[in-house]
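Notes follow once the structure below has been shown.
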Amino acid sequence: MTYTGDVQVGGPADVRELTGLSISKLAVGPYDNNAYLLRCRATGEGLLIDAAAEPDRLLALMAEAPVSTVVTTHQHGDHWQALEQVTKVTGAQVVAHPLDAPALPVPVDRTVEHGDRIPVGEVTLDVIHLRGHTPGSIALLYDDGAGDVHVFTGDSLFPGGVGNTWKDPERFAQLYADVVERIFDRLPDRTWVYPGHGKDTTVGAERPSLPEWKARGW
C-alpha cells in the first residue's frame with residue numbers, strides 16, 4: 001500500500017517504510033491528533049512523537065518491539081493525554097523542550113534545545129525549536145543524507161499556514177520567522193511535513209504561500 005498520511009480516529013495507522021526508518025501515523029482522540037511511531041529499521045528501536053490520547057491504541061501500535069523514547073512536541077494538553085499511561089507501561093524516557101516541560105503531567109527525563117539530536121537506534125533526529133505556538137514547541141527532522149528528508153512539526157506548521165498564535169502579532173512574527181528560517185530556508189522542497197493534526201504536506205507545496213501567510217498575519 002502507498003502511504004498517503006490520511007488517517008481517521010478509530011482507523012488503522014498509515015505506515016511508511018523509508019531506507020532507515022519506519023513511520024506509523026495514527027489519529028487519536030477528540031481533537032484528531034496525530035501520533036507518530038518511528039522505528040529504526042536496523043535495530044527495531046522505537047520512538048513515539050506525542051502520546052496524545054487513547055493509550056490502549058498507542059500501546060497496541062507499539063506492541064511489536066520496545067519504545068525507548070516519547071517526545072512531546074509542546075505543552076498543550078491534547079498532545080499528552082496518554083503520556084502517563086504509555087510511559088508507565090513502556091518505561092520510555094520523556095523528552096521535551098525545557099520551556100514546555102513543566103506543563104507535562106510526568107517528569108521530563110531529558111530536555112532538548114534547538115540543534116540537539118535524539119537517537120532512535122542507528123537513526124538520528126535533529127531538534128528544531130519553533131517559538132510562537134508555545135514557548136517550547138519543537139519539530140523533529142530526519143534526513144538520511146540520501147534524499148529522504150522528513151520533518152514532524154507538531155502544531156507549528158500545517159498545510160496552509162503556521163500554527164495558532166491567537167491573533168498575537170508578536171507571537172505570529174516569531175513563529176513565522178522561525179518557520180521560514182529553520183524550515184523553509186534550510187530544507188528542500190521534497191521535505192515531507194507531518195503535522196500534529198490532519199493531513200501531511202511538503203515544504204515545496206507550502207513555499208509559494210509564505211508571502212500570503214505573512215500578509216494575513218496568521
Side-chain angles (χ1 to χ4, degrees), residues 1-41 46-54 57-65 67 69-74 76 78-82 86 118 120 123 125-128 130 133 137-144 146-164 175 179 182-184 186-210 213:
M1 298 292 290
T2 301
Y3 175 86
T4 66
D6 296 339
V7 292
Q8 303 294 327
V9 173
D14 199 1
V15 181
R16 187 173 205 168
E17 299 289 354
L18 306 176
T19 302
L21 193 69
S22 171
I23 301 169
S24 299
K25 177 181 181 180
L26 187 71
V28 295
Y31 299 101
D32 293 353
N33 287 76
N34 295 325
Y36 298 94
L37 174 62
L38 280 51
R39 284 203 183 279
C40 172
R41 296 191 66 183
L47 175 147
L48 181 68
I49 299 174
D50 285 344
E54 299 187 69
R57 293 183 66 217
L58 292 177
L59 290 167
L61 183 68
M62 298 183 287
E64 292 185 4
V67 170
T69 305
V70 179
V71 178
T72 302
T73 58
H74 64 287
H76 289 157
D78 60 313
H79 288 259
W80 51 253
Q81 290 299 310
V86 165
I118 302 173
V120 190
V123 170
L125 305 174
D126 295 327
V127 176
I128 303 173
L130 300 172
H133 182 65
S137 288
I138 57 173
L140 298 178
L141 172 67
Y142 169 61
D143 184 349
D144 74 348
D148 277 338
V149 188
H150 302 259
V151 63
F152 302 86
T153 56
D155 284 1
S156 291
L157 177 62
F158 295 96
V162 298
N164 194 349
L175 181 55
V179 164
R182 299 178 176 184
I183 292 182
F184 287 93
R186 173 184 177 186
L187 303 178
D189 283 352
R190 67 179 181 275
T191 304
W192 199 273
V193 177
Y194 304 83
H197 305 262
K199 295 183 178 182
D200 302 349
T201 186
T202 65
V203 165
E206 304 304 321
R207 191 185 301 277
S209 300
L210 288 174
W213 300 354

| query | Who are the salt bridge (charged side-chain N to carboxylate O under 4.0 Å, His left out) partners of Asp155, not counting sequence neighbours? | reply | none
| Any chance the rings of His150 and Tyr194 have centres within less than 6.0 Å? | yes
| message | Between His79 and Asp50, does the side-chain hydrogen bond (donor to acceptor under 3.5 Å, both in side chains) criterion hold? Intermediate values first, please. | response | CA-CA 5 Å; His79 288 259; Asp50 285 344; 2.9 Å; yes
| request: Determine the minimum heavy-atom distance between Val203 and Pro188, stating which atoms define it. | output: CB-O, 3.6 Å
| Are more than 12 heavy atoms from other residues, nucleotides or ligands located less than 6.0 Å from atom CZ of Phe184? | yes
| What's the shortest heavy-atom distance between Thr202 and Val193, and which atoms? | C-CG2, 4.1 Å
| side chain to side chain contact (heavy atoms under 4.5 Å, CB included) partner of Ile23, the single match among Leu18, Ile49, Leu37 | Leu18
| Close side-chain approach of Asp143 to Asp126, heavy-atom, < 4.5 Å | no
| query | Would the number of heavy atoms belonging to other residues, nucleotides or ligands and lying under 6.0 Å from CD of Glu17 be above 12? | reply | yes
| said: Strictly distance-based, threshold 3.5 Å: is any side-chain N or O of Tyr36 a donor or acceptor partner for the main-chain N or O of Leu47? | reply: no
| task | Please report the closest heavy-atom contact between Ala51 and Leu58, naming both atoms and the distance. | result | CA-CD1, 3.8 Å
| said: I want to check something: taking the side chain as every heavy atom from C-beta on, are Leu175 and Ser156 in contact at a cut-off of under 4.5 Å? | reply: yes
| query | How far apart are the closest heavy atoms of Gly5 and Asp200, and which atoms are they? | reply | CA-OD2, 3.6 Å
